[in-house]
There are 2 protein chains.
Amino acid sequence: MTPIEGCSTFLVRHAWLSLRGVVAEALVRHDLSVAQFASLLMLDEVPGLSVADVARKVSTARQSANEMLGGLERAGLVERRPHPSDRRTQQIFLTDAGRQRLAEALPTVQAVEARLAAGFSPDEIAVVNAWLHRMTEAGAASEEIPTL
Amino acid sequence: MTPIEGCSTFLVRHAWLSLRGVVAEALVRHDLSVAQFASLLMLDEVPGLSVADVARKVSTARQSANEMLGGLERAGLVERRPHPSDRRTQQIFLTDAGRQRLAEALPTVQAVEARLAAGFSPDEIAVVNAWLHRMTEAGAASEEIPTL
DNA sequence: GAACTATTGACAGGTACCTGACAATCCTGC
DNA sequence: GCAGGATTGTCAGGTACCTGTCAATAGTTC
């Protein structure tokens, strides 16, 4: 039961696996994977992203993002349009069905997260978020010094 | 750069990916994967675990654990011995080389984590750990209600 | 002690993800 | 302009992980 005391890395791993499981469970009824839900969320916030943009935002390979978006496209939730000025890239937009699907799924996920966060004060949540951000930055920084 | 504001799930995901990257980078020089390091750490703490035990502790499939332990065994860092009373299971023990490898790698990982946690007070770290534990428990609980 | 269930380690097969490469295209410095 | 480098979407191939299954063994109930 005890992950590995003292190594916060593995605490974070277990938390991520657990959260992913819970969110995935909440999303199956909406026929969405966790990654697809994240993409829908981002594309709703910033329409017209390219495949490469999505890949960077969700921290995955361009290839993986492309395949995942293929699923969303086949389901009719997003559509690709040629970029008006850059002939390499395709812009990705949510369809009406995509927006509706997101509107259905988002409250479910938010409810799950709210339920899990119950019992923690806003101050504590702020500390947690700050800590998580710090960890994330650390990784981004280490990429800049790959072979040290 | 902004993962997805408001959804802590994706904050945790980015933190995990980042931490894994940093730790993996620190472990390459010791020729260990993150999962292998975790297994060494556990087997040092609780010698004689079975493959299934290791799988449960690191939250992975028995199969995956078996393959990963195969790598450690081929490297001479662990050894399998038949269980004295249960003829199904094999007990896994660290070899002297395994203990030495762990002793070399552990300070590296601890230094990385200490560097990342710098600037957070013990109280704040305690809050973070409590929050991570809460998330982990949530996942374990949801497994008990798979089809609700 | 016999039947039933659960568990262990292994096997096969599939899935998701990644890396490395490529032509096409954009951008920048000269 | 135009050569050089960077970026985009895509292809091929590999790796790591998972699920589903199996015989062998252990524990449980009657």
Side-chain angles (χ1 to χ4, degrees), chain A residues 13-14 16-18 20-21 23-25 27-28 31-39 43 48-74 78-93 139 143-144 146-147, chain B residues 13-14 16-18 20-21 23-25 27-28 31-39 43 48-74 78-93 139 143-144 146-147:
Chain A
R13 169 177 149 86
H14 281 262
W16 158 241
L17 289 177
S18 171
R20 187 183 56 161
V23 172
E25 189 182 341
L27 284 174
V28 285
D31 205 37
L32 287 175
S33 74
V34 178
Q36 286 177 332
F37 171 76
S39 300
L43 287 167
L49 291 173
S50 69
V51 175
D53 289 331
V54 173
R56 274 188 292 267
K57 288 235 178 195
V58 300
S59 292
T60 189
R62 281 196 308 262
Q63 173 94 354
S64 309
N66 200 11
E67 295 171 3
M68 181 200 56
L69 289 171
L72 288 177
E73 192 179 18
R74 254 174 278 120
V78 304
E79 60 179 359
R80 310 185 189 213
R81 302 184 210 154
H83 192 286
S85 65
D86 188 336
R87 269 183 295 174
R88 296 171 303 176
T89 77
Q90 304 171 346
Q91 286 190 299
I92 302 171
F93 293 92
E143 287 177 17
E144 298 173 5
T147 54
Chain B
R13 170 178 148 89
H14 282 262
W16 158 241
L17 289 176
S18 170
R20 186 183 57 161
V23 171
E25 189 182 342
L27 283 174
V28 284
D31 205 37
L32 286 174
S33 75
V34 178
Q36 286 177 332
F37 171 76
S39 299
L43 287 167
L49 291 173
S50 69
V51 175
D53 288 331
V54 173
R56 273 187 292 267
K57 287 235 178 193
V58 301
S59 291
T60 188
R62 281 196 308 256
Q63 173 93 355
S64 309
N66 201 12
E67 295 170 3
M68 181 200 55
L69 289 171
L72 287 176
E73 191 179 20
R74 254 176 276 118
V78 303
E79 61 179 0
R80 310 185 190 212
R81 302 183 210 155
H83 192 285
S85 67
D86 189 337
R87 270 184 294 177
R88 295 170 303 176
T89 76
Q90 304 170 349
Q91 286 189 300
I92 302 171
F93 294 92
E143 287 177 16
E144 298 173 6
T147 52

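Every chain is numbered from 1, with letters handed out A, B, ... down the list of sequences.
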Whole Å only: how far is the [atom1] atom of [X] from the [atom2] atom of [N]?
X: A/Arg62; N: D/dA6; atom1: CZ; atom2: C1'; result: 11 Å
X: B/Arg56; N: C/dA6; atom1: CZ; atom2: C1'; result: 11 Å
X: B/Arg81; N: C/dG9; atom1: CZ; atom2: P; result: 16 Å
X: B/Leu17; N: C/dA16; atom1: CG; atom2: C1'; result: 14 Å
X: A/Arg87; N: C/dA23; atom1: CZ; atom2: C1'; result: 14 Å
X: A/Gln90; N: C/dC26; atom1: CD; atom2: P; result: 13 Å
X: B/Leu69; N: C/dA10; atom1: CG; atom2: C1'; result: 14 Å
X: A/Gln91; N: C/dT25; atom1: CD; atom2: P; result: 17 Å

To the nearest 0.5 angstrom, please state how far the CG atom of A/Leu69 sits from the OG atom of A/Ser50.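 Result: 10.0 Å between the selected atoms.
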Rounded to the nearest 0.5 Å, what separates atom CD in B/Gln91 from atom CG in B/Leu43?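 So the gap between those two atoms works out to 11.0 Å.
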Does [X] place a side-chain N or O at less than 4.0 Å from the phosphate oxygens OP1/OP2 of [N]?
X: A/Thr60; N: C/dC17; answer: no
X: B/Asn66; N: C/dA10; answer: yes
X: A/Thr89; N: C/dT25; answer: no
X: A/Ser64; N: C/dC18; answer: yes

Select base, sugar-phosphate, or nothing to describe what A/Ala61 touches, counting heavy atoms under 4.0 Å on all strands.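 Answer is base: heavy atoms of A/Ala61 come under 4.0 Å of a base.
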Under 4.0 angstrom, heavy atoms only, what part of the nucleic acid is A/Ser33 near: base, sugar-phosphate, or nothing?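 It contacts nothing in the nucleic acid.
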Applying side-chain contact (heavy atoms from CB on, under 4.5 Å) between B/Ile92 and each of B/Leu72, B/Val51, B/Leu49, report the one that passes.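 With B/Ile92 as partner, B/Leu72, B/Val51, B/Leu49 yield a single side-chain contact (heavy atoms from CB on, under 4.5 Å), made by B/Val51.
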Nucleotide nearest B/Ser50 when distance is taken to its side chain, options C/dT8, C/dC18, D/dT8: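 Looking only at heavy atoms from C-beta outward on B/Ser50, the closest nucleotide is C/dT8.
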Report the residue (A/Gln63 or B/Arg80) whose heavy-atom-nearest nucleotide on DNA chain C is the more 5′ of the two.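 Result of the comparison: B/Arg80.
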Contact nearer the 5' end of DNA chain D, comparing A/Arg88 with A/Glu67: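 Final value for this comparison: A/Arg88.
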Tell me which of B/Asp86 and B/Met68 sits closer to the 5' end of DNA chain D, going by the nucleotide each one is nearest to.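 First, find each residue's nearest nucleotide; the 5'-ward one identifies B/Met68.
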With sequence neighbours left out, write down each residue that passes salt bridge (Lys or Arg N to Asp or Glu O under 4.0 Å) with B/Arg87, or none if nothing qualifies.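 Not a single residue meets the salt bridge (Lys or Arg N to Asp or Glu O under 4.0 Å) criterion with B/Arg87.
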Verdict with supporting geometry, A/Arg80 and A/Glu73, side-chain contact (heavy atoms from CB on, under 4.5 Å): CA-CA 8 Å; A/Arg80 310 185 189 213; A/Glu73 192 179 18; 3.0 Å; yes
